[in-house]
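In what follows, chains carry the letters A, B, and so on, assigned in the order in which the sequence lines appear, proteins first and then strands, with residues in each chain numbered from 1. This is a predicted model, so every value here is computed, not measured.
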Amino acid sequence: MVKRNIVLLDIDYITYEEKPVMRLFGKVKGENSNDLIALDDSFVPYLYILPSGNIDKSIKDLEELKRNGDLEFTKLEKVIKKDFQVPTEFIKISFTHPQDVPKYRDIIWDLDSVKQLREHDIPFYRRYLIDNALVPMAELELEGELIDSFETINSNNDSLEIFKLSEPPKTANTDFQQFRMMSFDLEVRNPHGMPNPEEDEIIMIGIDSNVGIRKVISTKGDEFSNDSEMCFIEKVDSEKEMIESFIKTVKENNIDIIIGYNSDLFDFPYLKDRAKIWGIDLDLGLDGSNIKFIRRGFNNAATFKGLLHVDLYLVMRRYMSLDRYTLERVYFEFFGEEKIDVPGDRIYEFWDNGGNELKNLFKYSLDDVVSTLKIAQETLPLNLELTRIVGQPFVDVTRMATGQQAEWYLVRKAYEVDEVVPNKPNMTMKNIKERGSNVGGYVKEPEIGLHENLVQFDFKSLYPTLIISKNISPDVLVKENNSHNTKFEDFETGYDDIDNIKEEELSSDMDNDEDYYISPEHFFKFKKEPQGFIPSALEDILNERFAVKNKMKATDNPVLKKSLSVQQQALKRLANTMYGVYGFLRFRWYSFECAQAITAWGRQHIKKAMEEAEAYGFKVIYADTDGFYAKYLPEMKKE
DNA sequence: AGGTTCCGGGG
DNA sequence: GTGTACGGAACCT
């Protein structure tokens with residue numbers, strides 16, 4: 001029996017002898033930061049079936065399908081799980097292979113005795129992380145034994161350990177970890193418009209890192225060999241050697257995270273195409289595997305097994321709100337300095353002309369990677385914290401929309417409280433039209449002019465607070481099923497209410513019913529007891545944030561303080577995103593009623609606060625959603 | 001007005 | 001890979 005503590009970098013599964021084997025990619029904690037791939041063949045795919053009537057009838061039907069050879073499964077179990085907090089009997093059906101789930105999904109769903117399938121679209125590796133309470137980028141404890149080799153792992157990396165788990169891994173701690181990071185960037189000689197990998201060679205590969213490597217690999221640069229300012233140039237003889245040197249640099253320095261800017265769409269596809277011309281493999285995977293492009297929505301993510309590739313461009317689009325997200329613009333936003341800029345269509349001229357222009361091109365290439373790394377060091381800590389909170393792989397989290405981060409956090413939470421997660425809603429264009437759009441926060445257009453003596457007022461996390469205090473959650477929403485009231489009519493009447501609403505009605509205390517909180521404008525009813533799933537998850541987040549902030553105050557260690565500060569920011573972001581899960585289509589906890597109730601209560605609160613301020617002699621100049629600016633005019637004060 | 005297409009970043 | 005997705009601006013009809 002061998003034990004290892006590793007930091008879990010990434011996870012996937014492969015098929016071995018027709019069965020799935022999870023692969024945990026990590027680096028061993030301790031002096032020797034060996035890489036390690038842990039294998040676990042004990043985890044089994046499953047989903048839940050909600051019977052439409054008698055559960056035994058459903059089981060009979062499933063067994064019948066199996067006898068006919070139309071369905072294969074390994075196990076049927078009756079289980080009690082909560083569905084919107086109501087204990088409900090489900091059938092848990094287990095399969096041999098994750099692929100059996102999409103394969104047999106439809107045939108099961110088509111059975112008359114089956115009402116719904118649940119948790120049938122949770123990727124296998126995510127299921128594994130959730131069910132074992134594992135957190136990526138944190139420390140795990142492994143028990144098992146070392147083995148010499150395993151199918152699909154063809155690495156010539158001597159320091160790689162292959163580890164076969166004898167029991168499920170455990171989370172050792174979720175403390176801050178250090179990672180070896182490297183940024184890179186290509187420059188291409190493209191005299192005819194955008195670079196074309198069939199013709200246009202790579203002329204420079206810039207590299208910066210937090211492990212002491214900072215250089216530009218290029219086929220030119222001899223002319224600066226006596227220029228001490230230019231000692232970052234690594235001169236090679238061909239593009240082939242340039243690419244080989246890049247690969248060697250990544251491998252030899254044991255890089256955990258490789259960072260580019262728009263590298264999903266430009267640098268890695270280009271590098272792959274050029275490498276192919278020279279017969280070079282981009283085999284940077286921990287298991288010796290090649291780069292792989294994975295379709296993720298409208299992007300093609302460049303990925304390696306166990307080497308984490310972050311495309312900072314995608315991260316920045318979520319990290320801050322800007323009109324443009326060029327590297328120059330983002331860098332300026334952070335550091336207030338302009339970057340060296342060489343227009344893309346003139347790079348070849350600088351290259352061809354040599355001399356001072358070539359020198360500037362080298363500097364530009366280095367500046368690009370230095371800037372990329374600097375921005376990464378500013379932003380990745382937050383994403384690492386989000387990874388540990390959300391509990392899904394780092395590369396996934398850096399590419400996820402914030403709403404998805406919230407959703408996966410909730411999926412994990414649901415597992416912890418024994419809830420079966422809702423399916424993704426299947427909204428058609430027709431539904432959306434019928435539904436109409438939600439009214440947002442209250443906005444009072446600013447009064448034009450220069451104002452003095454302004455006071456600012458805002459609600460601290462208005463929406464999260466409302467979700468908790470009014471228990472806004474689909475599982476405690478009372479749906480009135482009047483037979484004469486179709487869903488469509490409900491929406492219609494809802495809208496009439498908004499248009500004809502009177503101020504008095506708005507401020508009246510409609511939500512003081514004994515058992516329910518009743519939303520203004522639409523009068524949606526939310527039970528006061530029990531606490532809804534989303535409010536409870538949100539409260540956990542806010543409590544956690546409070547605890548982190550207290551730890552922050554208590555420590556004098558600046559490194560710990562910084563890391564805790566990032567942690568509480570991540571929690572704040574997640575809390576603020578939670579409102580979004582109600583309003584966005586395709587999300588599992590989508591609830592238009594909840595989204596409407598939140599903004600309606602929000603409008604009520606801000607208006608009430610404004611009224612009160614005005615009674616004290618403040619004149620509101622501008623208001624938006626959760627706060628306003630007001631000017632003190634004592635003559636306005638009501639006696 | 002209401003629908004549909006295009007685009008982001010990169011050289 | 002227990003896949004197939006974004007959101008706003010610009011441009012149609």
Side-chain angles (χ1 to χ4, degrees), chain A residues 12-15 20 43-48 93-106 108 117-128 130-131 184-197 199-206 260-271 274 292 294-303 311-318 321-330 341-351 361 364-365 368 372 396 399-404 407 411 421 423-424 429 432-433 580 584-587:
Chain A
D12 74 352
Y13 81 89
I14 50 110
T15 304
F43 194 65
V44 168
Y46 66 88
L47 59 82
Y48 297 107
I93 180 169
S94 302
F95 302 92
T96 309
H97 196 275
Q99 284 291 7
D100 294 338
V101 174
K103 191 169 158 192
Y104 298 123
R105 203 157 39 190
D106 294 339
I108 299 173
L117 300 198
R118 299 287 282 275
E119 309 205 355
H120 56 85
D121 53 358
I122 295 174
F124 194 53
Y125 66 95
R126 297 199 172 174
R127 178 89 274 170
Y128 184 85
I130 293 167
D131 291 18
F184 83 109
D185 180 48
L186 307 182
E187 309 301 333
V188 174
R189 187 183 176 282
N190 54 312
H192 315 290
M194 280 309 285
N196 170 5
E199 300 168 3
D200 303 334
E201 60 170 334
I202 298 167
I203 51 178
M204 293 178 184
I205 300 180
Y261 204 86
N262 201 29
S263 38
D264 270 348
L265 271 98
F266 180 73
D267 298 81
F268 272 129
Y270 207 91
L271 192 62
R274 294 303 295 180
K292 202 173 163 190
I294 297 177
R295 264 218 161 71
R296 280 186 73 99
F298 54 100
N299 315 294
N300 242 353
T303 62
D311 185 341
L312 253 204
Y313 163 65
L314 299 169
V315 174
M316 295 325 299
R317 287 185 60 157
R318 287 198 339 261
S321 177
L322 300 172
D323 49 350
R324 294 177 63 75
Y325 293 89
T326 60
L327 183 57
E328 283 74 20
R329 179 77 172 79
V330 169
D341 193 30
V342 175
D345 53 2
R346 295 196 53 214
I347 284 177
Y348 78 97
E349 290 174 34
F350 280 58
W351 175 255
L361 185 60
Y364 164 74
S365 176
D368 260 9
T372 303
D396 291 5
R399 288 176 167 81
M400 265 180 205
T402 52
Q404 276 163 0
E407 185 175 281
V411 171
V421 305
N423 286 330
K424 290 180 187 163
M429 282 313 280
I432 298 161
K433 265 191 180 167
F584 300 142
L585 295 161
R586 290 188 19 268
F587 284 93

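When heavy atoms are screened at a 4.0 angstrom cut-off, A:I347 is found touching the sugar-phosphate backbone but no base atom. Residue-level contact check: A:Y270 touches neither bases nor backbone, having no heavy atom under 4.0 Å from any strand. Within the 4.0 angstrom heavy-atom criterion, only backbone atoms of the sugar-phosphate kind lie near A:L327; the bases stay farther away. Note on A:R189: nothing from the nucleic acid sits closer than 4.0 angstrom, heavy atoms only. Base engagement by A:Y46 is indicated by at least one non-hydrogen atom pair under 4.0 Å involving a base atom. Using a 4.0 Å heavy-atom distance criterion, A:Q404 is classed as making no nucleic acid contact. Among the protein residues, A:D185 comes within range of the sugar-phosphate backbone only, with heavy atoms under 4.0 Å from sugar or phosphate atoms but none that close to a base. Among the heavy atoms of the strands lying under 4.0 Å from A:P102 are primed sugar atoms or P, OP1, OP2 only; no base atom is included. When heavy atoms are screened at a 4.0 angstrom cut-off, A:N196 is found touching no nucleic acid atom at all. If you check every strand for non-hydrogen atoms under 4.0 Å, A:G193 touches a base. Residue-level contact check: A:F350 touches neither bases nor backbone, having no heavy atom under 4.0 Å from any strand. Here A:R105 lies in heavy-atom contact (under 4.0 Å) with sugar-phosphate atoms only.
The OH-P distance, from A:Y325 to C:dG7, rounds to 13 Å in whole Å. Atoms CG (A:D100) and P (C:dG3) sit 13 Å apart, rounded to a whole Å. Here the P atom of nucleotide B:dG9 and the CZ atom of A:R399 are 17 Å apart, to the nearest Å. Across the protein-nucleic acid pair, A:R318 atom CZ and C:dG7 atom P stand 13 Å apart, rounded to whole Å. The CG atom of A:N300 sits 13 Å away from the C1' atom of C:dG3 (whole-angstrom rounding). For the pair A:M400 CE and C:dC6 P, the computed distance is 14 Å after rounding to whole Å. Atom CG of A:L314 and atom C1' of B:dG10 are 12 Å apart (whole Å). Residue A:E328 contributes atom CD, which lies 15 Å from atom C1' of B:dG8 at whole-angstrom precision.
Closest approach to the A:E187 side chain among C:dA5, B:dG9, B:dG11 is made by B:dG11 (side chain taken as heavy atoms from C-beta onward). Residue A:R317 places its side chain closer to B:dG8 than to any other of B:dG9, B:dG11, B:dG8. The side chain of A:Y313 lies closest to B:dG9, out of C:dA5, B:dG9, B:dG11. Proximity note for A:F266 (side chain, C-beta onward) versus C:dA5, B:dG11, C:dT4: the nearest is B:dG11.
Side-chain polar atoms of A:R329 and A:Y325 form no donor-acceptor pair below 3.5 angstrom.
Checked against side-chain contact (heavy atoms from CB on, under 4.5 Å), A:K424 has the following partners two or more places apart in sequence or in another chain: A:D121, A:E407, A:R588. Partners of A:Y128 by side chain to side chain donor-acceptor pair (under 3.5 Å), not counting sequence neighbours, listed by chain and number: A:D40. Scored by the side-chain contact (heavy atoms from CB on, under 4.5 Å) test, A:Y348 finds A:R189, A:P191, A:D352 as partners (sequence neighbours excluded). Every side-chain contact (heavy atoms from CB on, under 4.5 Å) that A:P98 has, sequence neighbours left out, goes to A:Y13, A:P20, A:P45, A:F124. For A:N190, the side-chain contact (heavy atoms from CB on, under 4.5 Å) partners are A:V188, A:P195, A:D200, not counting sequence neighbours.
Distances shown here put a side-chain N or O of A:Y364 below 4.0 Å from the OP1 or OP2 atom of B:dG11. Dashed line: the shortest gap from a side-chain N or O of A:R324 to OP1 or OP2 of B:dG9 is under 4.0 Å.
Rounded to whole Å, the C1' atom of B:dG9 lies 16 Å from the corresponding atom of C:dG7. For the P atom pair drawn from C:dA5 and B:dG11, the interatomic distance equals 29 Å after rounding to whole Å.
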What are the atom names and distances for every N/O pair under 3.5 Å that joins the protein to nucleotides 4-6 of chain B?
none

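Put simply, CZ on A:R127 and CD1 on A:I122 are 4.5 Å apart, with the number rounded to the nearest 0.5 Å.
In this structure, A:F184 has its ring center closer than 6.0 angstrom to the ring center of A:F268.
Using the six-membered ring where Trp is involved, A:Y46 and A:Y48 have ring planes that are perpendicular, over 60° apart on the 30 and 60° scheme.
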